[in-house]
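What follows is one structure encoded as structure tokens, with my remarks underneath.
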Amino acid sequence: MMNRRHFARTAAAAPLALAAGQALAQTIPQPGAAGPSLAAPPTTGANAVRQIVERLSTEPFARPLEFQRNRQAAKLRPFALTDVRLGDGPFQDMHRWNAAYMKRLSPDSLLHAFRVNAGIPSQA
């Protein structure tokens with residue numbers, strides 16, 4: 001099973017491995033190619049790839065992480081609910097429908113679960 005650290009390391013090294021593979025493929029003679037390959041051996045590129053892979057293979061979270069809070073000024077201010085008015089529209093319609101439904105329910109039905117949890121007999 002691969003954890004996040006191994007996945008990140010593999011994902012970071014994948015382009016490097018691809019470049020090394022392409023450099024290596026240039027040195028292998030292709031079928032039907034006449035004569036030896038004229039490409040230079042990838043020694044400098046391979047060494048650079050090895051160094052980068054070694055750097056990536058170290059544990060990225062070996063040192064303890066330190067978090068620092070950035071203080072920000074509040075952009076929102078609290079307000080009283082009495083300052084809110086619900087205008088005409090679908091939300092006011094839903095509010096009316098919900099209020100009408102709640103008014104049709106009997107108090108015994110509304111209090112049934114509370115009474116049962118409190119050990120009080122319920123007539124609902």
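We use all heavy atoms of the structure for the numbers below, so side chains are in, but hydrogens, waters and symmetry mates are not.
- Interatomic distance, CG of L111 versus OG of S122, reported as 8.0 Å (0.5 Å rounding).
- Evaluated for a side-chain contact (heavy atoms from CB on, under 4.5 Å) with L86, the options M94, Q92, R96 yield exactly one hit, Q92.
- In this structure, NE2 on H112 lies 13.5 Å from CG on L105, to the nearest 0.5 angstrom.
- Not a single side chain to side chain contact (heavy atoms under 4.5 Å, CB included) links L76 to another residue, sequence neighbours left out.
- Residues meeting the salt bridge (Lys or Arg N to Asp or Glu O under 4.0 Å) test with D83, sequence neighbours left out: none.
- Hydrophobic clustering of Ile, Leu, Val, Met, Phe, Trp and Tyr side chains at less than 4.5 Å, counting indirect connections, unites F91 with W97.
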